[in-house]
A.B. asks: 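Take this structure first; my questions come after.
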Amino acid sequence: MLEKFIKRTVQNQMSEEANSSFAMAGNQLEDSNIRPDVDKSLSAEEKADVILKQMTLDEKINMLGVEDNLAIKGLERLGLPKVWCSDASAGVRCFQRATAFPVPVAMTATWNRDLLGEIGETIAKECRAKGVSVLLGPGVNIYRVPTCGRNFEYMGEDPFLASELVVPYIKGVQSYDVITTVKHFACNNSDYDRHRMNSIVDDRTLHEIYFPAFKAAVQKGGSKSVMCSYNPVNGEWASENHTLLTKVLRDEWGFDGFVISDWISLYSTEGPLKAGLDLEMPKADFLTHKRIHALIKRGKLEEKDIDKPVRNLLKTFFAAGVYERPLKDHQYKEYCEEHSQVSLNAAREAVV
């Protein structure tokens with residue numbers, strides 16, 4: 001029964017995306033004048049709490065699911081604009097023409113920290129020009145199993161090298177107040193049957209091979225977002241894996257940003273919210289009004305379980321200045337010859 005449900009859900013989503021602006025990469029954002037009316041002298045956490053106290057339960061629930069595949073919902077009543085995301089590590093995808101960079105496995109083959117920082121800065125400039133505030137990368141899952149169809153968008157097979165090069169990339173992107181999303185946490189080893197392929201990995205292997213690049217991304221790079229993977233890890237889906245999303249990520253590593261799902265990678269409602277997930281992509285299938293209200297009525301969830309993810313989103317966006325700046329920054333270029341030269345330099349150094 002569960003197998004049929006997962007297969008049907010995935011097929012339906014793929015059918016929807018085939019005709020979406022996400023698939024056609026045709027998004028062209030318009031400037032937005034929506035701004036929150038909050039005291040600018042307050043900290044990001046204080047601003048988040050001011051907004052949160054004014055929100056109804058339904059308005060909070062509404063923020064837990066994305067719309068148009070890439071837009072984190074705003075709340076016009078309180079002056080919160082939509083926050084736009086873009087795929088991913090090798091350039092700004094889905095928003096018309098942009099500079100194409102070598103894929104991360106090639107970037108990493110350069111062994112060049114300064115170059116990775118320059119790539120991050122260049123991609124961030126194009127994000128700011130286009131109105132994108134969240135980059136859905138970089139990918140750092142270790143290239144360990146050949147059947148992972150996303151190995152090209154990860155930073156190779158060596159934990160030390162990936163840990164060293166993800167940091168300047170993230171710092172480069174976030175130096176322009178664009179939020180990075182390190183992914184896919186964790187052990188995304190196979191694209192075949194990736195919703196059910198259980199990654200059975202012992203603690204030593206997790207901490208010595210799979211975790212180091214994520215830990216460096218969070219602790220040294222300061223990434224403000226993390227994306228979980230599709231798969232179960234040691235029998236528990238990553239999207240509702242309390243050990244990964246709370247015990248390791250927040251309690252041990254001190255992560256204070258927000259956690260988002262990979263596309264169509266939620267399988268329940270209560271599990272992800274209790275485990276530490278904050279946002280469902282590319283739309284709300286499980287974090288819906290109907291499902292959440294039903295669980296609250298049964299005593300399985302409380303409003304504080306909804307407050308937590310919404311607060312994580314709000315404080316991160318306030319900290320990055322996303323809510324209080326123009327959507328597009330016209331001092332930056334969406335693409336140009338200078339950006340192409342950075343990409344060419346990276347491609348040349350990647351040849352090994």
A.B. asks: Applying side chain to side chain donor-acceptor pair (under 3.5 Å), run through N189 and Y210 and close with a yes or a no.
C.D. replies: CA-CA 10 Å; N189 286 339; Y210 286 102; 3.1 Å; yes
A.B. asks: Report, one line per pair, each donor and acceptor closer than 3.5 Å where one atom sits in a side chain of residues 164-173; sequence neighbours left out.
C.D. replies:
residue : atom : partner : partner atom : Å
E164    : OE1  : R113    : NE           : 3.2
E164    : OE1  : R113    : NH2          : 2.6
Y169    : OH   : S89     : O            : 2.8

A.B. asks: Tell me every residue that passes side chain to side chain donor-acceptor pair (under 3.5 Å) with S229, counting only those two or more places apart in sequence or in another chain.
C.D. replies: N231
A.B. asks: Only counting residues at least two apart or in another chain, list the ones meeting side chain to side chain donor-acceptor pair (under 3.5 Å) with D114.
C.D. replies: none
A.B. asks: Give me the atom names and distance for the closest heavy-atom approach of V105 to N151.
C.D. replies: CB-O, 4.0 Å
A.B. asks: Using side-chain hydrogen bond (donor to acceptor under 3.5 Å, both in side chains) as the criterion, point out the one residue from N141, N188, T108 that pairs with Y154.
C.D. replies: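 With Y154 as partner, side-chain hydrogen bond (donor to acceptor under 3.5 Å, both in side chains) holds for just one option, N188.
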A.B. asks: Which pair of non-hydrogen atoms, one from D158 and one from F160, has the smallest distance, and what is that distance?
C.D. replies: OD2-N, 3.1 Å
A.B. asks: Quiz question: by atom type and distance under 3.5 Å, do the side chains of S43 and E46 form a donor-acceptor pair?
C.D. replies: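 Yes, a side-chain donor-acceptor pair sits under 3.5 Å.
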A.B. asks: Taking atom types as modelled and ignoring hydrogens, do the side chains of D262 and H195 form a donor-acceptor contact shorter than 3.5 angstrom?
C.D. replies: no
A.B. asks: Show the numbers, then the answer: is there a side-chain contact (heavy atoms from CB on, under 4.5 Å) between L135 and I179?
C.D. replies: CA-CA 6 Å; L135 187 70; I179 296 162; over 6 Å; no
A.B. asks: Mind listing the closest non-hydrogen atom pair of I123 and A90 along with its distance?
C.D. replies: CD1-C, 4.3 Å
A.B. asks: Check V178 against Q174 and note the closest heavy-atom contact, atom names and distance.
C.D. replies: O-CG, 3.1 Å
A.B. asks: Is it the case that more than 12 heavy atoms not belonging to D37 sit under 6.0 Å from its CG atom?
C.D. replies: no
A.B. asks: Identify the heavy atoms of G235 and N198 that sit nearest to each other, and give their distance.
C.D. replies: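 Shortest heavy-atom separation between G235 and N198 comes out as N-OD1, 2.9 Å.
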A.B. asks: Verify whether the ring centers belonging to F185 and F211 lie closer than 6.0 Å.
C.D. replies: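 Close enough - the centres of the two rings lie under 6.0 Å apart.
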A.B. asks: Checking E334 against K130 for the salt bridge (charged side-chain N to carboxylate O under 4.0 Å, His left out) test, could you report, in this order, the C-alpha distance in whole Å, the side-chain angles of both residues, the deciding distance, and whether it holds?
C.D. replies: CA-CA 6 Å; E334 296 193 23; K130 293 175 178 293; 2.9 Å; yes
A.B. asks: Hydrogens and angles aside, do T99 and E126 bring a side-chain donor and acceptor to less than 3.5 Å of each other?
C.D. replies: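 Yes, side-chain donor-acceptor contact under 3.5 Å.
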A.B. asks: May I ask you to say whether D256 pairs ionically with K224, meaning some side-chain N is under 4.0 Å from a carboxylate O?
C.D. replies: yes
A.B. asks: Do you know which two heavy atoms are closest between S86 and V92, and how far apart they sit?
C.D. replies: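 That would be OG-CG1, 3.4 Å.
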A.B. asks: Can you establish whether the number of heavy atoms outside F318 located under 6.0 Å from its atom CZ is more than 12?
C.D. replies: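 Atom CZ in F318 is packed in, count exceeds 12.
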A.B. asks: Are side-chain N/O atoms of Y230 and D191 paired as donor and acceptor at under 3.5 Å?
C.D. replies: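 Side chains of Y230 and D191: no pair found under 3.5 Å.
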A.B. asks: Could you list the donor-acceptor pairs under 3.5 angstrom formed between side-chain atoms of residues 71-84 and any protein atom two or more places apart in sequence or on another chain?
C.D. replies:
residue : atom : partner : partner atom : Å
K73     : NZ   : N62     : OD1          : 3.4
R77     : NE   : E59     : OE2          : 2.8
R77     : NH2  : Q54     : O            : 2.7
R77     : NH2  : E59     : OE1          : 2.8
R77     : NH2  : E59     : OE2          : 3.4
K82     : NZ   : E67     : OE2          : 2.7

A.B. asks: Apply side chain to side chain donor-acceptor pair (under 3.5 Å) to D58 and T56, showing your working.
C.D. replies: CA-CA 5 Å; D58 280 333; T56 67; 5.6 Å; no
A.B. asks: Can you list everything that forms a salt bridge (Lys or Arg N to Asp or Glu O under 4.0 Å) with E270? Sequence neighbours excluded, please.
C.D. replies: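 With sequence neighbours excluded, E270 shows a salt bridge (Lys or Arg N to Asp or Glu O under 4.0 Å) to no residue whatsoever.
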A.B. asks: Classify the side-chain pair S265/S239 by whether it contains a donor and acceptor separated by less than 3.5 Å.
C.D. replies: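 Absent: no donor and acceptor within the cut-off.
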A.B. asks: E349: which residues meet the salt bridge (Lys or Arg N to Asp or Glu O under 4.0 Å) condition with it, sequence neighbours left out?
C.D. replies: none
A.B. asks: Verify the neighbour count for atom CD of Q28: are there more than 12 heavy atoms of other residues, nucleotides or ligands below 6.0 Å?
C.D. replies: yes
A.B. asks: Is any side-chain N of the basic residue among R250 and D278 closer than 4.0 Å to the acidic one's carboxylate O?
C.D. replies: yes
A.B. asks: Please evaluate residues H207 and D202 with respect to the criterion side chain to side chain donor-acceptor pair (under 3.5 Å), reporting the C-alpha separation (whole Å), side-chain torsions for both, the decisive distance (0.1 Å), and the verdict.
C.D. replies: CA-CA 9 Å; H207 285 275; D202 62 70; over 6 Å; no
A.B. asks: Please indicate whether E157 has more than 12 foreign heavy atoms, meaning atoms of other residues, nucleotides or ligands, lying under 6.0 Å from its CD.
C.D. replies: no
A.B. asks: Verify the ring-centre separation between F317 and F258: is it less than 6.0 angstrom?
C.D. replies: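 Yes, ring centres under 6.0 Å apart.
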